[in-house]
Amino acid sequence: QQPVQSPQAVILREGEDAVINCSSSKALYSVHWYRQKHGEAPVFLMILLKGGEQKGHEKISASFNEKKQQSSLYLTASQLSYSGTYFCGTEDAGGTSYGKLTFGQGTILTVHP
Amino acid sequence: GAVVSQHPSRVICKSGTSVKIECRSLDFQATTMFWYRQFPKKSLMLMATSNEGSKATYEQGVEKDKFLINHASLTLSTLTVTSAHPEDSSFYICSAPGQWLKRSYEQYFGPGTRLTVT
């Protein structure tokens, strides 16, 4: 089952902050965040693991609430280059195929000058 | 970081023909690769998991006889869309997991292949 992202779309002015949420109905082992620009492949932003470990982008932070199966991506002091569609990808705790992700429906972020 | 390539980047074919898409990991070995399909303004939908040396694992609802996957080596997986129809037109993306800490893997995505069936 696909994780649910909110909001579906966000419009910002440069310098403003945004939060994108991702919620799953399944127990998760990890949450991945990607950004995709039109016509291009997704680009890795962040991984958050059950247990608190994470790896990611310098200017982007995220949180992972394992008990609630929820993750949030925090974009601060947004830049024009942040525009794109953000996807969360979730890896089930009971999964047997390592690296297998189920992606949310995406959040369209638009940053204006 | 690791690089995954896809070829071709764009392909137009006639209805009824078959099309092969290649996915290569350029600087690392990938025993597993994933194939996704993406419609305009939609999410990435996992089609199948490609496993080197064994059969691919298809997601529910994906026709394995229509979308043939072959993982010929540790750096190459191919997706063949057989007897293509206009409804198969889509953006196909492959990914290969790198390895970072314990079990979770950062996905390296290929640039995608835009398939148009006329």
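Nothing here was measured: the structure is a model prediction, and the numbers come from that model. Every chain is numbered from 1, with letters handed out A, B, ... down the list of sequences.
Here the closest heavy-atom approach between residue B/F91 and residue A/G39 is recorded as CZ-O, 4.0 Å. Shortest non-hydrogen contact noted between A/F87 and B/Q38 is CZ-NE2, 3.7 Å. Of all heavy-atom pairs spanning B/P111 and A/A41, the tightest one is CA-CB, 3.8 Å.
In terms of heavy-atom pairs under 4.5 Å with chain A, the best-connected choice from B/S43, B/P40, B/A96, B/S9 is B/S43. Ranked by non-hydrogen atom pairs under 4.5 Å with chain B, the options A/G106, A/G104, A/P42 are led by A/P42. Annotation: maximal heavy-atom pairing with chain A below 4.5 Å, among B/Q6, B/E59, B/K42, occurs at B/E59.
Within a 6.0 Å radius of CD in B/E87, more than 12 heavy atoms belonging to other residues, nucleotides or ligands are found. Other residues, nucleotides and ligands contribute over 12 non-hydrogen atoms within 6.0 Å of the CG atom of B/L74. Environment of NE2 in A/H112: crowded, with over 12 heavy atoms of neighbouring residues, nucleotides or ligands closer than 6.0 Å. Under a cut-off of 6.0 angstrom, the local environment of NZ in B/K55 is sparse, with at most 12 non-hydrogen atoms contributed by other residues, nucleotides or ligands. Within a 6.0 Å sphere centred on NZ of B/K66, heavy atoms belonging to other residues, nucleotides or ligands number more than 12.
Here OG1 of A/T102 is found 7.0 Å from CG of B/L46. Values are rounded to the nearest 0.5 Å. With rounding to the nearest 0.5 angstrom, the NZ atom of B/K41 is 15.0 Å from the CD atom of A/Q105.
Note on A/V111: it clusters hydrophobically with A/Y86, by side-chain heavy-atom contacts below 4.5 Å among ILVMFWY residues. B/M45 and A/F103 are members of different hydrophobic clusters when ILVMFWY side chains are connected at heavy-atom separations under 4.5 Å. Each of B/M33 and A/L101 belongs to its own hydrophobic cluster when Ile, Leu, Val, Met, Phe, Trp and Tyr are linked at side-chain heavy-atom distances under 4.5 angstrom.
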**Study point:** Stepwise side-chain contact (heavy atoms from CB on, under 4.5 Å) test for A/F44 and B/Q107
**Key:** CA-CA 7 Å; A/F44 168 75; B/Q107 296 282 343; over 6 Å; no

Any chance you could lay out the side-chain contact (heavy atoms from CB on, under 4.5 Å) test for A/Q36 and B/F109, step after step, and finish with the verdict?
CA-CA 11 Å; A/Q36 185 181 32; B/F109 282 90; over 6 Å; no

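Proximity to chain B (any heavy atom under 4.5 Å) is shown, for A/Q5, by neither the backbone nor the side chain.
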